[in-house]
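Written below as structure tokens is the structure these notes are about.
Both ligands and their constituent atoms are indexed starting at 1 by order of listing. A quick note: this is a predicted structure, and the numbers were derived from the prediction, not measured. One-based numbering along the sequence shown.
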Amino acid sequence: MNNLGGSSYDAARGRLRTVMLAAALACAGSLLTPQSFLPLKLFFTIATILLFATIVFIIVRECRCPHCGKIIFLGALSATHCPRCRRSLTTGKKYKKSKK
Ligand SMILES: [Zn+2]
């Protein structure tokens with residue numbers, strides 16, 4: 001391993017954000033396109049489904065904790081720490097030092 005994998009999580013998150021934006025646009029496009037433009041509406045609908053499939057694919061493939069491998073499914077864009085091992089997803093530092 002060359003690094004802790006934090007930068008790859010950042011890169012995956014950047015891709016995820018782009019695809020989510022595209023999916024939102026495609027979804028809005030399909031909703032705003034009137035029935036009379038059925039082929040265009042169909043195109044947007046299919047694009048939305050494909051983009052959502054891509055989002056799930058990116059999350060499952062790439063939005064994993066670099067330390068324990070847990071998939072960060074909920075809050076993949078805003079999460080800064082892994083819910084399982086509590087390490088930072090970008091720097092690998094522990095969230096809290098539990099000293100007793
Ligand atoms: Zn973890």
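To the nearest 0.5 Å, atom CG of residue L32 and atom NZ of residue K41 are 8.5 Å apart. Separation of atoms SG (C82) and NZ (K94) is listed at 9.5 Å; rounding is to 0.5 Å.
Geometry note: the Zn ion (ligand 1) is the vertex, C82 SG and C85 SG are the arms, and the angle is 110° (rounded to 10 degrees). With the Zn ion (ligand 1) as the vertex, atom SG of C68 and atom SG of C65 span an angle of 110° (nearest 10 degrees).
Closest non-hydrogen pair, A79 versus I72, comes out as CB-CG2, 3.8 Å.
Using a 4.5 Å cut-off between side-chain heavy atoms of Ile, Leu, Val, Met, Phe, Trp and Tyr, with links allowed through other members, I58 and F52 fall into the same hydrophobic cluster.
Among the atoms of H67, none of the N, O or S atoms falls under 2.8 Å from the Zn ion (ligand 1).
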